[in-house]
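See structure below.
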Amino acid sequence: MLKNIPKVDKVLEWPEVKALLAEYPRPVVITAVRNVLDQLRAGLLRGDATAASLEIGAVTERVRTTLEQTNTPGLRRVINGTGVILHTNLGRAPLSESLRDVMLDAAFGYSTLEFDLETGTRGKRAVHVEKLLCTLTGAEAAVVVNNNAAAVLLALSSLAKGKEVIVSRGELVEIGGSFRIPEVMQQSGAILREVGATNRTHPRDYRSAVTAETALLLKVHTSNFAVVGFSSEVSTEELVAIGRESSLPVMVDAGSGTLVNLSAHGLPGEMTVQEYLAAGADLVTFSGDKLLGGPQAGILVGTRECLEPMKKHPLLRALRVDKVTLATLEGTLRLYRDERQALRQIPSLRMMTVTADELATRARTALRRMRRALPAGLSLQTLPGFSQVGGGTFPLLEIPTTLIAVAVADLSPQQLEEKLRTRPLPIIGRIAQDTFLLDLRTITDQDIAEIISALQSIVASR
Ligand SMILES: *Cc1c(COP(=O)(O)O)cnc(C)c1O
């Protein structure tokens, strides 16, 4: 049977495969044919391939499937039915639809990236975004880098290289993906000076650790965990007071960092970036794609004294962002000039603040639409449940939501989950208590149409 495996050249002459050459570049088809023949050889050697698998039709079909797979982008859109709003695995914050043109213009044309239209000479990258950040937060200066991890690295390298940085033991955070405060500190060349205990740190702990070697007092937001029970931390105001006594700057790694007071919308009362600065922090760093709801970026805002040296730091060149990021970050920040507009147009903020009543109403409408369009053999039901913010933000928060439970006759929830996940436009849900669930909080009305057509084809091809 091994001898019956056709040669690559022969396969390329089959009319069925010739047709594929009209659709795909020749080298791509050759690679696909070679891969399929290698797989067949391996299958025969293992003893789990049949003579039928060597027939023209079967081989061609495998070549076609292989080509289709290579033609699908690895990174592509999915429908997020998990209810986790800033889903780290699904790309965190989705951008506002209103930024589509801004993004395309920046990507496909020339732009004023480093050009000053008034003088007709070279301009500074990011000035537009920096001005907007200052207006929105009340900061004197701002810098934008690749992500918040880069922001912390740049800040520590610039402010504290070779010197000591005082941090509470309760704030030596690991964010995941190997971002750990002690390790970033080491990379920056700053020396970590831990104070206090895991659960309690007092102002006197910071005061007694200050020496001639101290360069910075650092406060890190414990984004993805909570210390509860017998615990106490030093507030930003208290830390600023300690900093002032010894002429030391105070930096806050705010993690998510929000520009909107979310407690007015039923979410936990987090200090806003503006509030950290008003409390006297010299520098605040935060992410662009967590609570802000913009592109992946790290934002530093604070005093001129802290930030001017960073603008000249050699690391900045390595950490700077591209024009598409700058354009979409500027667009996102513009929405914040009117808070109500930000809440309406930034998807993650909208998903976080949509009321339980509105979700229940949307669920009823969606269910009616789905029931009308879908055949028998499918059962749909709404259930109460909980969504999460995700992205290491508000780890204890469970927001009441409405779930749609989907069941297809003759398919287990696991089989249904896999079929939806492996479609050309993947639909990601979750299974709880042996039921497949989609959370309406992270699903748009347009997504419903996609879900309906997915379920139609799954039911039809059972
Ligand atoms: C998320 C987070 C980071 C890392 O931010 P990225 O934008 O993901 O690089 C750093 N510090 C804190 C406290 C965070 O919550």
Side-chain angles (χ1 to χ4, degrees), residues 84-95 129 133 142-157 159-160 165 167-188 190 192 194 201 216-227 233-234 236 239 250-259 262 267-268 270-273 275-276 281 283-302 315-316 318-322 325-326 328-329 332-333 348 352 388-397:
V84 181
I85 299 166
L86 301 170
H87 200 304
T88 308
N89 303 147
L90 303 182
R92 275 202 202 159
L95 291 178
V129 121
L133 280 166
V143 169
V144 175
V145 291
N146 237 319
N147 50 29
N148 188 30
V152 174
L153 177 66
L154 176 64
L156 294 174
S157 307
L159 298 172
V165 178
V167 192
S168 160
R169 286 199 171 87
E171 297 173 1
L172 296 176
V173 176
E174 173 179 313
I175 298 302
S178 80
F179 176 93
R180 285 174 161 182
I181 289 294
E183 286 161 22
V184 175
M185 190 85 73
Q186 201 174 15
Q187 279 298 320
S188 73
L192 173 63
E194 308 172 23
T201 304
L216 182 69
L217 306 180
L218 172 62
K219 185 164 184 61
V220 183
H221 192 289
T222 56
S223 308
N224 52 6
F225 69 100
V227 182
E233 61 175 312
V234 175
T236 307
L239 204 57
V250 171
M251 165 176 163
V252 178
D253 171 7
S256 256
T258 172
L259 299 181
L262 293 166
L267 292 153
E270 283 277 319
M271 257 174 103
T272 61
V273 173
E275 284 165 348
Y276 281 122
L283 177 64
V284 180
T285 74
F286 58 103
S287 294
D289 56 345
K290 288 189 187 169
L291 283 178
L292 192 73
Q296 180 192 302
I299 298 166
L300 303 104
V301 288
L315 256 185
L316 182 62
L319 303 177
R320 73 180 188 182
V321 295
D322 81 309
T325 303
L326 279 173
T328 47
L329 180 58
T332 305
L333 291 169
S348 49
M352 250 177 276
Q388 287 173 345
V389 177
T393 305
F394 301 136
L396 301 183
L397 184 65

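Just so you know, ligand 1 is whichever comes first in the structure, and atom 1 is the first atom listed for that ligand.
Under the rule for a side-chain hydrogen bond (donor to acceptor under 3.5 Å, both in side chains), the partners of His221 that lie at least two apart in sequence or sit in another chain are Glu270. Every residue meeting the side-chain hydrogen bond (donor to acceptor under 3.5 Å, both in side chains) condition with Arg169, not counting sequence neighbours, appears here in chain and number order: Glu194.
Ligand 1 is approached by Ile175 to a heavy-atom distance shorter than 4.0 Å. Every heavy atom of Glu171 sits 4.0 Å or more from the atoms of ligand 1.
When Gln296, His221, Lys290 are checked for heavy-atom proximity to atom 14 (C) of ligand 1, Lys290 turns out nearest.
At least one N or O atom of Asp253, backbone or side chain, sits closer than 3.5 Å to an N or O atom of ligand 1. Residue contacts with ligand 1: Gly392 is placed with no nitrogen or oxygen under 3.5 Å of a nitrogen or oxygen of the ligand (distance criterion only). Below 3.5 Å of separation, one finds an N or O of Ser287 facing an N or O of ligand 1.
Side chains of Phe286 and Val301 form a contact here, defined as non-hydrogen atoms less than 4.5 Å apart. Using a 4.5 Å cut-off on side-chain heavy atoms (C-beta onward), Leu291 and Leu262 make contact. In this structure, the side chains of Val220 and Val152 stay at 4.5 Å or more apart for every pair of heavy atoms.
For ligand 1, the atoms closer than 4.0 angstrom to any heavy atom of Ser223 are 12 (C), 13 (C), 14 (C), 15 (O). Listed by number with element, the atoms of ligand 1 under 4.0 Å from a non-hydrogen atom of Ala149 are 4 (C), 5 (O), 6 (P), 9 (O).
Note that the CG atom of Leu218 and the CG atom of Leu283 stand 9.5 Å from one another [nearest 0.5 Å].
For CD of Glu174, the number of neighbouring non-hydrogen atoms (other residues, nucleotides, ligands) closer than 6.0 Å is greater than 12.
Neither the backbone nor the side chain of Glu174 has a heavy atom within less than 4.0 Å of ligand 1.
Annotation: atom 8 (O) of ligand 1 to nearest protein heavy atom, Arg92 NH2, 2.6 Å. From the protein, the heavy atom lying nearest to atom 10 (C) of ligand 1 is Asn148 ND2, 3.2 Å.
One side chain, Ser256 or Thr393, offers a donor N or O that lies under 3.5 Å from an acceptor on the other.
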